[in-house]
Amino acid sequence: MKQSEVKKIAESFCEKNGINTYPVEIVRICNENGLKVFEEYLDSNISGLIVVDEKVWSKYDTDKFILVNLAESAVRRRFTIAHELAHYVLHRNADGLYAHRDIVNDGTIISNIEREANYFAANILMPETLVKEKVEDIKNDFWGKLPGFILVREIANHFVVSEQAAEVRLKQLEII
């Protein structure tokens with residue numbers, strides 16, 4: 001899927017789900033879309049996963065849930081939740097089920113669906129219009145001039161994402 005297609009789907013999702021303020025209440029959004037979110041300690045190489053199944057998992061009392069690694073930072077867990085939600089929105093098959101295994105090579109994502117999920121997650125946690133509005137507010141507060149690292153930190157703080165995620169998003173939007 002092209003980035004422009006993912007962006008269009010994410011923008012439609014934001015509109016449908018009333019995402020127009022930050023920080024985005026990602027757990028509430030998941031719940032409203034039929035996905036429960038759980039946190040527990042997982043293997044260190046697992047950030048999270050999504051289960052959309054035909055059977056109810058007794059441990060979670062549902063057949064649709066996202067599980068995130070409690071050992072990771074809160075901002076990382078937020079992104080993981082949005083990433084798994086992206087799989088639910090973008091990659092379900094015709095019967096509504098979803099299953100895949102990430103393809104990772106030395107920590108580098110090599111799967112297109114993983115890239116799509118990351119881009120969708122960035123678009124819903126940091127919607128373009130909200131980021132651009134906040135960037136203008138920040139620039140006004142700093143009289144128009146500020147180093148990029150301060151802008152990254154400010155966006156990360158306001159949108160409750162990691163500085164790495166904020167930097168990637170600001171580069172995607174050609175702001176830095």
Side-chain angles (χ1 to χ4, degrees), residues 1 3 5-104 109 111-131 134 155-166 168-169 172:
M1 189 178 311
Q3 251 191 359
E5 294 173 82
V6 174
K7 178 182 176 182
K8 186 175 181 178
I9 294 167
E11 287 173 344
S12 175
F13 183 86
C14 286
E15 185 176 322
K16 177 182 171 194
N17 288 276
I19 298 174
N20 53 20
T21 59
Y22 53 87
V24 172
E25 297 177 43
I26 194 64
V27 172
R28 179 185 58 79
I29 300 287
C30 288
N31 290 334
E32 289 174 355
N33 281 274
L35 291 165
K36 291 185 178 181
V37 177
F38 299 97
E39 298 175 318
E40 54 183 69
Y41 292 100
L42 304 171
D43 289 346
S44 62
N45 62 338
I46 300 173
S47 293
L49 56 96
I50 183 171
V51 173
V52 178
D53 206 63
E54 294 178 317
K55 66 175 182 146
V56 172
W57 291 58
S58 59
K59 181 176 180 180
Y60 306 107
D61 193 32
T62 184
D63 61 348
K64 295 179 188 70
F65 62 91
I66 293 171
L67 182 62
V68 293
N69 193 341
L70 196 52
E72 295 189 339
S73 70
V75 292
R76 177 66 182 137
R77 291 193 312 267
R78 280 175 46 78
F79 195 88
T80 298
I81 293 166
H83 172 98
E84 298 302 335
L85 173 62
H87 285 308
Y88 184 69
V89 172
L90 298 173
H91 303 127
R92 277 182 291 169
N93 61 27
D95 60 7
L97 302 179
Y98 171 76
H100 92 286
R101 176 96 173 124
D102 295 349
I103 301 169
V104 178
I109 296 169
S111 164
N112 282 335
I113 67 170
E114 292 306 305
R115 288 185 192 97
E116 291 168 3
N118 282 343
Y119 190 63
F120 183 95
N123 272 273
I124 62 172
L125 289 176
M126 298 170 277
E128 182 174 351
T129 55
L130 296 179
V131 170
K134 190 61 190 173
I155 291 298
N157 288 339
H158 287 285
F159 287 84
V160 191
V161 297
S162 69
E163 288 187 17
Q164 180 183 11
V168 168
R169 186 67 174 143
Q172 288 172 345

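Only a predicted model underlies this, so the values are computations on that prediction, with no experimental measurement involved.
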Is the number of heavy atoms from other residues, nucleotides or ligands within 6.0 Å of CD (E5) greater than 12?
yes

Closest non-hydrogen atom pair, V68 against L42
C-CD1, 3.9 Å

The reported gap from CH2 in W57 to NZ in K36 (rounded to nearest 0.5 angstrom) is 14.5 Å

Any F79 side-chain heavy atom under 4.5 Å of N118 side chain:
yes

Minimal non-hydrogen separation, F65 against L35, with atom names:
N-CD2, 4.0 Å

Contact check, side chains of I81 and I29, non-hydrogen atoms, under 4.5 Å:
no

Spacing of CG belonging to D53 relative to CG belonging to D63, to within rounding of 0.5 Å:
7.0 Å

Whether H83 and H87 hold their rings parallel, tilted or perpendicular, with breakpoints at 30° and 60°:
perpendicular

Work out which heavy atom in A82 is nearest to a heavy atom in F120; give both atom names and the distance.
O-CD2, 4.5 Å

With a 6.0 Å cut-off (strictly less than), is the heavy-atom count around CD of E15, excluding the residue itself, greater than 12?
no

If only atom types and distance count, is the side chain of T80 paired as donor or acceptor with the main-chain N or O of R76 below 3.5 Å?
yes

Just by distance, do the side chain of N123 and the backbone of K7 share a donor-acceptor pair under 3.5 Å?
no

From E40, E72, E39, E84, residue fulfilling salt bridge (Lys or Arg N to Asp or Glu O under 4.0 Å) relative to R77:
E39

Can you tell if the side chain of L67 reaches within under 4.5 Å of the side chain of V51, non-hydrogen atoms only?
no

Less than 4.5 Å apart, any side-chain heavy atom of L90 and any of I113?
no

Measure the spacing between CD of E116 and NE2 of H91 and express it to the nearest 0.5 Å.
4.0 Å

Quick one: pull up CD in E54 and NZ in K64 and give me the separation to the nearest 0.5 Å.
9.5 Å

Kindly compute the distance separating OG1 (T129) from CG (N20), expressed to the nearest 0.5 Å.
8.5 Å

Do you know which two heavy atoms are closest between P23 and V160, and how far apart they sit?
CB-CG2, 3.4 Å

Is F13 close to I19 at the side-chain level, that is, under 4.5 Å between some pair of heavy atoms?
yes

Cation-pi geometry met for R115 and Y119 (6.0 Å, 45°)
no

Between CG on residue N17 and CD1 on residue I26, distance to nearest 0.5 Å
9.0 Å

For a quick test of reading the model, state the closest non-hydrogen atom pair linking A166 to M126 and the distance between them.
CA-SD, 4.1 Å

Polar side-chain atom of N69 near backbone of A71 as donor-acceptor pair, under 3.5 Å:
yes

Do I155 and R169 make a side-chain contact, defined as non-hydrogen atoms from C-beta onward lying under 4.5 Å apart?
no

Relative to each other, are the rings of Y60 and F38 parallel, tilted or perpendicular (30° and 60° limits)?
tilted

